[in-house]
Amino acid sequence: MTFVVQKCAKNLHNLVGPSISCALILDFSQSCSRAFSSCLSSPLESSHVIRSGYTHHEQQFEDSEGLSGLDILIARVPIGVSDNEVLQSLLHDQACNSIQLSSELVNKLLHKFKDDWKSALGAFRWAGSRSSYKHTPEAYDMLVDILGRMKQMDKMKALLEEMNQYHLVTLNTVAKVMRRFAGAGKWEDAVRTFDELGTFGLEKNTESMNLLLDTLCKENKVQQAREIFLELKSHISPDAYTFNIFIHGWCKNNFGKVYELLDEMQAQGCPPNVVTFTTILCSMAKSEEFEEAWHLVDRMKLAGCKPDTLFYNSLIYTLGRAGYVQEAVHIFEVEMPRTGANPNTSTYNSVIGIFCHHGQEQVALNVLNDMEESGPL
DNA sequence: TTGGCACGCA
């Protein structure tokens, strides 16, 4: 929701100037808030709502008891001390120890401290020490992610071992651990984690292999991913996901390899699908390789691959960037309805952006009106 | 488990 509001705010600002757009933005974002009020239950979205100034929604959808408990806890966590000091401080705090804990409250607490691993870990240990409370697997996963993001790799590994003792490690946990290792420049540790999957009671199969390969490719270790894949492929068969992960990886630095892989996919009986083509098209548009992009679109048509909304979004964006306004509009107004691909928020935003960029403010406003009346909200 | 969005900030 916040994205829609911000984007529309920007578009409106461009269209009608700051003073008028403020009123429109307020009105529009409030209608968005109402439309999305039923979705406002996660901590992330709630905090966005507060920042936007719509505190009444927050209060409406929070458990009032939970909120006050959360407020007390946050206020009682000392700043700038070790995780153990946080734990000790909370243990000796009467107000905290009379709070009724719930998994929702603990999740919100961890979310609040997502950028402060000492507070997160201290508060997590305190909650876990309460006799009537047992941590959920989700809370463990959140803490794993926080520690990894803050580059506390040893603490993250220790927590993983602790989870393993309680049989709480899932593929989701391992995925977070591998991503955080790779993000910290320790891709070998990510591979090691995959190798040790069996010790967590998990299987090395196509799904878990894809997770590892995706992690490596997203960290620009495509060549390493490729070598690992060549070793694994005799035991684990690849699928369309596997190939598209590599397509994405090579798209960031090597179109030659992308074309090689397209041929390989065909040869291996795993032909390129709409995800494959969308990935490549996006990448070509970003590097302004428009001629290549049109060839790719032709290739997709020849392959009989059915376009979907995300593909059209990418195509509209590409046409817009190449200056083909009429062609982009044609896709939006004719091709998408014809093929039954429903426009989503991004589709509208792209079209509005193209008109704004070409000085056609009134047309952009008309599209915005359509969006409010019959759009994807 | 594959294709995502936008913003502001440093």
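Protein chains get the first letters and strands the later ones, always in sequence-line order, with residue 1 at the start of each. Because the structure is predicted, anything quoted here is derived from the model rather than measured.
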J.: Check whether the ring centres of Phe290(A) and Tyr324(A) lie less than 6.0 Å apart, and answer yes or no.
T.: no

J.: Do the two ring centres, one from His330(A) and one from Phe332(A), sit under 6.0 Å apart?
T.: no

J.: Quickly work out the Lys218(A) NZ to dG3(B) C1' distance and round it to whole Å.
T.: 9 Å

J.: Considering every strand and a 4.0 Å limit on heavy-atom distances, what is the contact class for Leu310(A): base, sugar-phosphate, or nothing?
T.: base

J.: Checking only heavy atoms, does the side chain of Thr279(A) share a donor-acceptor pair with the base of dG3(B) at less than 3.5 Å?
T.: no

J.: Check the distance between dG4(B)'s C1' and Leu281(A)'s CG and give it to me in whole angstrom.
T.: 14 Å

J.: Between the main-chain N or O of Thr242(A) and the side-chain N or O of Asp239(A), is there a donor-acceptor pair closer than 3.5 Å?
T.: yes

J.: Determine whether a donor-acceptor pair (one donor, one acceptor, N or O, separation below 3.5 Å) exists between the side chain of Asp308(A) and the base of dG3(B).
T.: yes

J.: Choosing from dT2(B), dC5(B), dT1(B), which nucleotide comes nearest the side chain of Asp239(A)?
T.: dT1(B)

J.: Ser346(A) side chain: which of dG3(B), dC5(B), dT1(B) is closest?
T.: dC5(B)

J.: Could you go through Thr173(A) and Phe200(A), starting from their C-alpha distance and side-chain angles, then the distance that decides it, and tell me whether this counts as side-chain contact (heavy atoms from CB on, under 4.5 Å)?
T.: CA-CA 10 Å; Thr173(A) 318; Phe200(A) 304 120; over 6 Å; no

J.: Can you check the His248(A) NE2 to dG3(B) C1' distance for me, whole Å?
T.: 8 Å

